[in-house]
*Asks:* 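Structure incoming, see below.
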Amino acid sequence: MTDRTDFDRPTFDRTVIRAVPHPDELRPRGLAIACARCGATRDWLLLNVRALVFVRCRCAHEWHESDLTRADFDESFTSVERTWSTLEEAMTALAFDGLLAGAIWD
């Protein structure tokens, strides 16, 4: 029997998720989008996963926004400022885990 080495272990690519806050309204179709769960119309977290862009609300509701492209996301993204081990850790640290649902800042 031989010992397993790192070369024997399957490798999995980690999916990179980039996030950028978007405090204002989003108007990809000319009309402001609203969260289907809580009705919020601003203070979003935009998430980029491969070529897709998702919108996440402070209430933790998240959806794929087909009218936002990766190019739209890249216009707001500057550089990596922080990394987290899990999506849940990131959402908690960025306050998009539902705890601040309904909170509005001016």
*Asks:* Got a donor-acceptor contact below 3.5 angstrom from the N48 side chain to the R50 backbone?
*Replies:* yes
*Asks:* May I ask you to decide if L99's main-chain N or O and R58's side chain share a donor-acceptor pair within less than 3.5 Å?
*Replies:* no
*Asks:* Are L26 and F54 connected in the hydrophobic side-chain network, where two residues link if heavy atoms are under 4.5 Å apart?
*Replies:* no
*Asks:* Can you confirm whether L87 sits close enough to I17 that some side-chain heavy atom of one is under 4.5 Å from a side-chain heavy atom of the other?
*Replies:* yes
*Asks:* Can you confirm whether V53 sits close enough to T69 that some side-chain heavy atom of one is under 4.5 Å from a side-chain heavy atom of the other?
*Replies:* no
*Asks:* Walk me through it: do W44 and V20 pass the test side chain to side chain contact (heavy atoms under 4.5 Å, CB included)?
*Replies:* CA-CA 9 Å; W44 310 110; V20 64; over 6 Å; no
*Asks:* Can you name the nearest heavy-atom pair linking G98 to A60, along with the distance?
*Replies:* N-CB, 3.7 Å
*Asks:* How long is the gap from CG on D72 to NE2 on H22, to the nearest 0.5 Å?
*Replies:* 10.0 Å
*Asks:* Dump the intermediate steps for side chain to side chain contact (heavy atoms under 4.5 Å, CB included) on T41 and R27, then the final yes or no.
*Replies:* CA-CA 10 Å; T41 57; R27 297 177 168 271; over 6 Å; no
*Asks:* How many angstroms lie between OG in S85 and CD in E89, if you round to the nearest 0.5 Å?
*Replies:* 4.5 Å
*Asks:* Under 4.5 Å between side-chain heavy atoms, counting indirect links through other Ile/Leu/Val/Met/Phe/Trp/Tyr residues: same cluster for I33 and F73 or not?
*Replies:* yes
*Asks:* Do the non-hydrogen side-chain atoms of W84 and L94 ever get within less than 4.5 Å of each other?
*Replies:* yes
*Asks:* Treating Ile, Leu, Val, Met, Phe, Trp and Tyr as nodes and any side-chain heavy-atom pair under 4.5 angstrom as an edge, say whether L52 and F96 lie in one connected cluster.
*Replies:* yes
*Asks:* Strictly by salt bridge (Lys or Arg N to Asp or Glu O under 4.0 Å), give each pair with a member in residues 29-39 just once, sequence neighbours left out.
*Replies:* R29-E65, R29-D67
*Asks:* So, taking the atom named CG in L45 and the one named CD in E62, what distance separates them when rounded to the nearest 0.5 Å?
*Replies:* 8.5 Å
*Asks:* Does a salt bridge link D97 with R56, judged by any charged N lying under 4.0 Å from a carboxylate O?
*Replies:* no
